[in-house]
Asker: 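Can you read through this structure? Questions will come right after.
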Amino acid sequence: MSTKDDIINKLRETFAPESLDVTDESHLHEGHAGHRPGGETHFRVYIVSPAFEGKSRIERHRMVNATLEAELKGSVHALAIKAQAPGETTGR
């Protein structure tokens, strides 16, 4: 299973999102810190979940980072997060 699949599965299990998109952007960071051949080092996450209702942007990011703690300590160098509650969706 790929790192992207692990991220998707963990976010689905934890947040039961209405919308989820995980993009591997590693190819955009070739030659930069943390990049490895084969990618799977830099990801962008867009997630909409009721779990984020009433939470600040920082709290939402902490929730996602806590869920993906193992990946962030391991193979993932960078994670860009857009986390919203239902009804807040204003695009990516």
Asker: Please tell me if the side chains of I81 and N65 come closer than 4.5 Å, counting only heavy atoms from C-beta onward.
Answerer: yes

Asker: Sequence neighbours left out, what passes side-chain hydrogen bond (donor to acceptor under 3.5 Å, both in side chains) with R57? Give chain and number order.
Answerer: none

Asker: Closest approach of A16 and P50, non-hydrogen atoms and distance?
Answerer: O-CD, 4.3 Å

Asker: Between the side chain of S26 and the main-chain N/O of T41, is any donor-acceptor distance below 3.5 Å?
Answerer: yes

Asker: A side-chain contact here means heavy atoms from C-beta on lying under 4.5 Å apart; do L20 and F15 qualify?
Answerer: no

Asker: Enter the distance from Q84:CD to E53:CD here, rounded to the nearest 0.5 Å.
Answerer: 12.0 Å

Asker: How would you list, by chain and number, every residue that makes a ring-ring contact (aromatic ring centres under 6.0 Å, His included) with F43, sequence neighbours excluded?
Answerer: none

Asker: Between D5 and V22, is any pair of side-chain heavy atoms under 4.5 Å apart?
Answerer: no

Asker: Counting C-beta onward and ignoring hydrogens, is there a side-chain heavy-atom pair between P86 and V48 closer than 4.5 Å?
Answerer: yes

Asker: If I take atom CD from residue E25 and atom CZ from residue R44, how far apart are they, to the nearest 0.5 angstrom?
Answerer: 4.0 Å

Asker: Between atom NZ of K82 and atom OG of S19, what is the distance when rounded to the nearest 0.5 Å?
Answerer: 12.0 Å

Asker: According to side-chain hydrogen bond (donor to acceptor under 3.5 Å, both in side chains), does anything in residues 6-18 pair up with another residue at least two apart or in another chain? List the pairs.
Answerer: K10-E71

Asker: Under the side chain to side chain contact (heavy atoms under 4.5 Å, CB included) rule, what do V76 and L68 come out as? Steps first, then yes or no, please.
Answerer: CA-CA 9 Å; V76 175; L68 302 176; over 6 Å; no

Asker: Is a side-chain donor-acceptor pair under 3.5 Å present for D21 with T23?
Answerer: yes

